[in-house]
Asker: 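Sharing a structure, written as structure tokens. Questions coming.
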2 protein chains.
Amino acid sequence: MEEIRKGRHRIGDMLPTETELMRAYGVSRHTVRMAVQDLRTRGAVASRQGQGSTVVSATGQARLAETIQSIEDLIAFGQETQRSFLSSRVVDADVALAEELDCRIGRRLVEVLMLRKASATGDRPIALVTLYLDFVLEHVVEDLSQVQKSAAEIIEGRFGIKAESVVQSIEAALLTDAQAAQLQARPGDPALIIRRDYSTSPEADPFLVARSICRADAFKVVSRFSCLS
Amino acid sequence: MEEIRKGRHRIGDMLPTETELMRAYGVSRHTVRMAVQDLRTRGAVASRQGQGSTVVSATGQARLAETIQSIEDLIAFGQETQRSFLSSRVVDADVALAEELDCRIGRRLVEVLMLRKASATGDRPIALVTLYLDFVLEHVVEDLSQVQKSAAEIIEGRFGIKAESVVQSIEAALLTDAQAAQLQARPGDPALIIRRDYSTSPEADPFLVARSICRADAFKVVSRFSCLS
DNA sequence: CTGCATTTGTGCGTATGTATT
DNA sequence: CAATACATACGCACAAATGCA
């Protein structure tokens with residue numbers, strides 16, 4: 001790590017082979033491998049079998065990470081919540097929607113509206129959830145209204161498409177009249193808008209976009225970061 | 001992992017020792033250690049030297065993680081920001097503050113107020129930042145007003161106290177009159193309140209609490225989750 | 001397509017250090 | 001102080017992936 005930080009090995013360079021590192025430092029292959037593994041978990045190098053290890057970052061800070069056991073943990077409501085299905089419709093992305101979802105104009109999508117409550121009946125809803133999914137995933141909607149699984153889980157089960165990359169953005173806003181009506185709140189009340197883009201890889205286009213509009217008085221997002229071991 | 005999932009080893013139980021696992025599976029200690037290390041990075045078990053490994057989760061899903069190279073990445077303003085020091089004072093926690101910071105009443109703390117702007121001069125501020133740090137860390141304040149380092153970095157440099165656990169909570173609120181005046185915004189405008197508790201371990205009390213009140217129109221929090229290798 | 005060299009991945013065996021009980 | 005258990009390190013061998021002649 002020290003040599004990488006000092007510029008002895010630049011980003012993009014291949015690290016010396018494990019055998020060379022053994023000789024260079026006078027240690028066993030086992031020790032070299034432990035060290036390189038540490039560089040990997042620090043995100044400093046990436047290794048490929050039969051090829052070698054490449055330097056990808058020179059900071060070498062031990063990374064903190066927020067880890068989640070499943071995608072569902074992202075929706076950290078802190079308490080169990082019930083979902084109630086409102087409606088779904090097929091839409092062709094107009095200019096505004098294409099802009100928001102970062103897709104081409106005219107793309108055929110399914111839009112699903114749901115509410116999230118603390119318990120099945122009686123309570124004021126906590127969040128208004130809008131899902132956008134590709135038209136080819138349309139049949140997911142049938143399951144959504146019946147099974148208490150997340151859309152991501154249903155898609156993984158039915159289509160084998162697994163979300164390996166999720167981008168989440170959180171911002172604050174005021175409830176519009178329509179949103180307030182759905183949430184049984186007052187227009188102008190503060191709200192958290194959480195948007196998640198699910199994709200199969202960091203490069204791929206998202207196959208699912210979920211946007212939750214949450215009443216600020218009923219919800220906050222808590223994340224715990226700790227050192228990777 | 002399979003045995004844990006099947007309930008052979010329950011949450012809270014100790015895993016068999018490495019020597020027992022060697023015999024049970026007829027493999028070498030090295031192989032046992034590789035397997036247990038995998039369980040650790042999956043978050044399924046936690047190991048302590050001289051004691052053993054405890055089962056802490058039974059899902060065994062490969063975890064997704066948001067990794068950050070440094071604490072500073074948490075403040076993901078998306079653009080470079082400048083910090084300007086406003087004021088600092090010594091306070092003894094009253095009931096309200098003790099409640100908010102989860103510390104005992106009367107604890108002596110240093111409260112620091114700062115503004116965060118997109119550029120050094122002329123721009124409207126983006127966020128109003130309040131720091132609370134233990135009184136013994138008081139001298140950090142001198143550096144804060146001069147160096148463009150984060151409080152966490154300064155504390156690590158001067159005191160050797162390193163944040164290995166950070167809890168972040170994000171909620172939405174409306175600006176109060178005082179906050180709006182500082183941010184050159186209107187009272188009632190929406191805002192994101194981001195609070196981070198820095199501590200040396202997940203169990204320890206935080207040595208630093210930072211609360212940022214951010215103009216919703218100038219700021220959002222973006223996190224990227226991807227599979228751990 | 002085959003064969004070979006290179007490189008990382010996986011596994012076995014052994015010894016010693018160190019923290020906990 | 002001893003026993004136990006995990007951490008670290010050495011050595012060796014073979015498997016699997018990659019690239020090249």
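Each chain gets a letter, A, B and so on, in the order the sequences are listed, and its residues count up from 1. Heavy atoms only: backbone and side chains are in, while hydrogens, waters and symmetry mates are out.
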Asker: Would you give the length of the straight line joining atom CG of A:Leu97 to atom CD of A:Glu111, rounded to the nearest 0.5 angstrom?
Answerer: 7.5 Å

Asker: When you measure from the side chain of B:Glu20 to the backbone N and O of B:Thr17, does any donor-acceptor pair fall under 3.5 Å?
Answerer: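 Yes; at least one donor-acceptor contact below 3.5 Å.
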
Asker: Could you list by number each residue of residues 9-30 of chain A showing a heavy-atom separation from DNA chain D of less than 4.0 Å, or answer none if no residue does?
Answerer: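 By residue number: A:Val27, A:Ser28, A:Arg29, A:His30.
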
Asker: Any side-chain N or O of B:Gln51 under 4.0 Å from OP1/OP2 of D:dC6?
Answerer: no

Asker: Measure the distance from CE on A:Met34 to C1' on C:dT10 and round it to the nearest whole Å.
Answerer: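 Distance, rounded to whole Å: 15 Å.
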
Asker: Taking atom types as they are modelled, is there a donor-acceptor pair under 3.5 Å from the base of D:dA16 to the side chain of A:Gln49?
Answerer: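 Yes, the side chain and the base share a sub-3.5 Å donor-acceptor pair.
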
Asker: Taking side chain to side chain contact (heavy atoms under 4.5 Å, CB included) as the test, write out the residues that go with B:Tyr25, two or more places apart.
Answerer: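 With sequence neighbours excluded, B:Tyr25 shows a side chain to side chain contact (heavy atoms under 4.5 Å, CB included) to B:Glu3, B:Leu21, B:Val27, given in chain and number order.
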
Asker: Quick one: does any side-chain atom of B:Asp38 pair with a main-chain N or O of B:Ala35 as donor and acceptor, under 3.5 Å?
Answerer: no

Asker: At what distance, to the nearest 0.5 angstrom, does CZ of A:Arg116 lie from SG of A:Cys214?
Answerer: 9.0 Å

Asker: If the condition is side chain to side chain contact (heavy atoms under 4.5 Å, CB included), which residues does B:Ser169 pass it with, not counting sequence neighbours?
Answerer: A:Lys220, A:Val222, B:Arg195

Asker: Assign each of A:Arg48 and A:Val32 to its nearest nucleotide of DNA chain D by heavy atoms, then name whichever residue's nucleotide is nearer the 5' end.
Answerer: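 Per heavy-atom nearest nucleotide, the more 5' residue is A:Val32.
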
Asker: Rounded to whole angstroms, how far apart are CG on B:Asp38 and C1' on C:dT10?
Answerer: 13 Å

Asker: Reckon B:Arg33 has a side-chain N or O less than 4.0 Å from the OP1 or OP2 of D:dA7?
Answerer: yes

